[in-house]
Amino acid sequence: MPELPEVETVRRGLAPVMDGARIRKVRQHRPDLRFPLPQNFVNRLSGARLGVLQRRGKYLFSDLSTGETLIMHLGMTGRFTIEDEESRQPGRFEHTHQANLRHDHVVFELESAAGAGATVTYNDPRRFGFMDLVGTIALEECRHFEGMGPEPMGNGFCAEAFNTALKGRTTSIKAALLDQRVVAGVGNIYACEALFRAGVSPRRRAASVAGRRGERLQASIVAVLGDAIAAGGSTLRDFAGADGALGYFQHRFDVYGREGEPCPACGAPVRRLVQAGRSTFFCGRCQR
DNA sequence: CGATTAACCTGGAAGC
DNA sequence: TGCTTCCAGGTTAATC
């Protein structure tokens, strides 16, 4: 469920206990998530020291002292909980409402450089998330990262590159934004929000956006993601931000989930349509 | 070849 | 109350 801002918020929440920590033990409660967990997953992790937790698109990853890299994806409903082992107190990265324990699939028991213990639990009811171990040397070419588009908050994402990626595409601009090869990390919510901010119709052919509209849309993507990250990541349904507070950025969505409500810019009712099997929310008057 | 659709799962909300 | 239907922030194999 989480898109780039939420994954970045998760990264920031986990980093204090994961960066540089040693993995004492891993508990694996089932053989698979979306995919089978790697062979000997527990043994390949146990005893390893974690590097710095990083993010690429909607993926989290951390190098290990073993020469492998742990890659994690949250799917739609994946989330992490931190518990402080010594005090038995939930950490600041606790869900607002109790997660169903039967969906706690992987538990990392960690020990910081200072010797403090912490438990990081991965919970995922729908199991669309996954974890993988790949050789660190071949990380860029691994099946998860190969072909992924530029990081929207990085130097590689500029209007020129964005327009180039859109040229020749006959699919809708909405569907193109969801294609991780065009730009990494944008999902259904922020695709809708970026299109609204840019005043671009979600039904427009992607190729027809290249140009002035593409420049505006590229800037809108950066702006809306930046706002969401600054707000601590949006929260919706079963996802809680790093501080556990629900209802953060969700109140600031201009069009997503607001079918029938007035457009914040012109007052016309926000409309909903289905594209590529996903709901699109937009203003038919502001977005052309 | 690119573009769309169906499928993977569970749980919560809405409708009857 | 209980049952049914629809919907959900993602990805990808299968199909058009």
Side-chain angles (χ1 to χ4, degrees), chain A residues 1-10 29-36 55-60 71-80 95-105 122-132 142-149 165-195 202-207 221 224-225 228-229 231-241 246-250 252-253 255-260 272-281:
Chain A
M1 57 163 44
E3 303 182 32
L4 185 151
E6 291 77 28
V7 177
E8 176 60 22
T9 299
V10 169
H29 295 151
R30 54 176 299 129
D32 57 0
L33 296 172
R34 180 188 175 96
F35 307 112
R55 181 191 56 73
R56 174 85 172 93
K58 300 169 191 170
Y59 290 79
L60 292 171
I71 298 179
M72 302 182 285
H73 193 288
L74 302 171
M76 296 270 269
T77 53
R79 55 201 212 173
F80 287 98
H95 312 309
T96 297
H97 59 280
Q98 184 60 49
N100 189 331
L101 293 181
R102 78 197 207 91
H103 298 306
D104 286 354
H105 305 306
Y122 179 71
N123 180 286
D124 187 355
R126 290 176 76 178
R127 300 199 306 278
F128 285 173
F130 54 86
M131 297 186 188
D132 201 2
C142 79
R143 64 193 179 103
H144 306 298
F145 292 168
E146 195 191 9
M148 190 180 291
L166 297 180
K167 285 211 177 87
R169 284 191 155 250
T170 60
T171 191
S172 68
I173 184 61
K174 166 70 185 320
L177 289 180
L178 295 180
D179 187 336
Q180 301 298 293
R181 293 170 301 188
V182 172
V183 53
V186 174
N188 204 36
I189 290 179
Y190 297 109
C192 293
E193 294 296 304
L195 285 165
R203 293 188 280 207
R204 188 174 271 283
R205 298 296 98 185
I221 291 167
V224 73
L225 294 178
I229 291 171
S234 70
T235 57
L236 199 59
R237 294 182 197 282
D238 51 358
F239 180 74
L246 282 166
Y248 228 98
F249 188 72
Q250 73 189 61
R252 299 208 38 220
F253 291 155
V255 287
Y256 184 84
R258 295 184 172 277
E259 181 181 15
R272 172 182 178 270
L273 72 128
V274 175
Q275 294 177 292
R278 316 292 301 278
S279 285
T280 298
F281 299 89

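Naming: A, B, ... by sequence-line order, numbering from 1 per chain.
Considering only side-chain N and O atoms, H103(A) lies under 4.0 angstrom from the phosphate OP1 or OP2 of dG11(B). At least one side-chain nitrogen or oxygen of T170(A) sits closer than 4.0 Å to the OP1 or OP2 atom of dA3(B). Side-chain N/O atoms of H73(A) include none lying less than 4.0 angstrom from OP1 or OP2 on dG10(C). Using a 4.0 Å cut-off, some side-chain N or O of S279(A) falls inside it from OP1 or OP2 of dA8(C). The phosphate of dG2(B) (OP1 or OP2) has no side-chain N or O of T171(A) nearer than 4.0 angstrom.
Between the base of dA3(B) and the side chain of R169(A) there is no donor-acceptor pair shorter than 3.5 Å. The base of dT10(B) has none of its N or O atoms less than 3.5 Å from a complementary donor or acceptor on the side chain of R127(A).
Applying the 6.0 Å contact sphere to CZ of R30(A) captures more than 12 heavy atoms from other residues, nucleotides or ligands.
Listed candidates were dA8(C), dG11(B), dG10(C). Nearest to the side chain of P125(A) is dG11(B). Nearest to the side-chain atoms of R102(A) among the listed nucleotides dA3(B), dT10(B), dG10(C) stands dT10(B). Comparing dC9(B), dT11(C), dT10(B) by their nearest atom to the side chain of R278(A) picks out dT11(C). Side-chain proximity of M76(A) to dG11(B), dA8(C), dT5(B): nearest is dA8(C).
Of the residues in residues 176-186 of chain A, those lying under 4.0 Å from DNA chain C by heavy-atom distance are Q180(A).
In plain terms, the two heavy atoms of V186(A) and E3(A) that are nearest each other are C-OE1, 4.0 Å. Between L33(A) and F130(A) the shortest heavy-atom distance is CD1-CA, 3.8 Å. Taking each heavy atom of L273(A) and P202(A) in turn, the nearest pair found is CD2-CG, 4.5 Å.
Here, dA6(B) and dC6(C) have their P atoms 14 Å apart, quoted to the whole Å. With P as the reference atom, dG11(B) and dT12(C) are 24 Å apart, rounded to whole Å.
Under the 30°/60° scheme for interplanar angles, the aromatic rings of Y190(A) and F253(A) are found to stand perpendicular.
Look at CG on D124(A): it is 17 Å from P on dC8(B), rounded to the nearest Å. Atom pair L33(A):CG and dC9(B):P shows a separation of 12 Å (rounding to whole Å applied). Note: CE (M72(A)) to P (dT11(C)) measures 16 Å, nearest angstrom. Remark: C1' of dG10(C) and CZ of F128(A) are 8 Å apart, rounded to the nearest angstrom. Distance, H144(A) NE2 to dT11(C) C1': 12 Å, rounded to whole Å. Distance, D104(A) CG to dT10(B) C1': 15 Å, rounded to whole Å.
Expressed to the nearest 0.5 Å, how far CD1 of I189(A) lies from CZ of R278(A) amounts to 9.5 Å. Distance check, rounded to the nearest 0.5 Å: NZ of K58(A) to CD of E6(A) gives 9.5 Å. Rounding to the nearest 0.5 Å places CE of M131(A) at 12.5 Å from CG of D32(A).
Between the side chain of Q275(A) and the backbone N or O of T280(A) there is no donor-acceptor pair closer than 3.5 Å.
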- Toss me the dot-bracket line for DNA chain B: Watson-Crick and G-U wobble, both under 3.5 Å, 5' to 3', using | for pairs to another strand and [ ] for crossers. .|||||||.|||||||
- When you look at S279(A) and R272(A), which way does the side chain to side chain donor-acceptor pair (under 3.5 Å) test go after all the steps? CA-CA 7 Å; S279(A) 285; R272(A) 172 182 178 270; 2.8 Å; yes
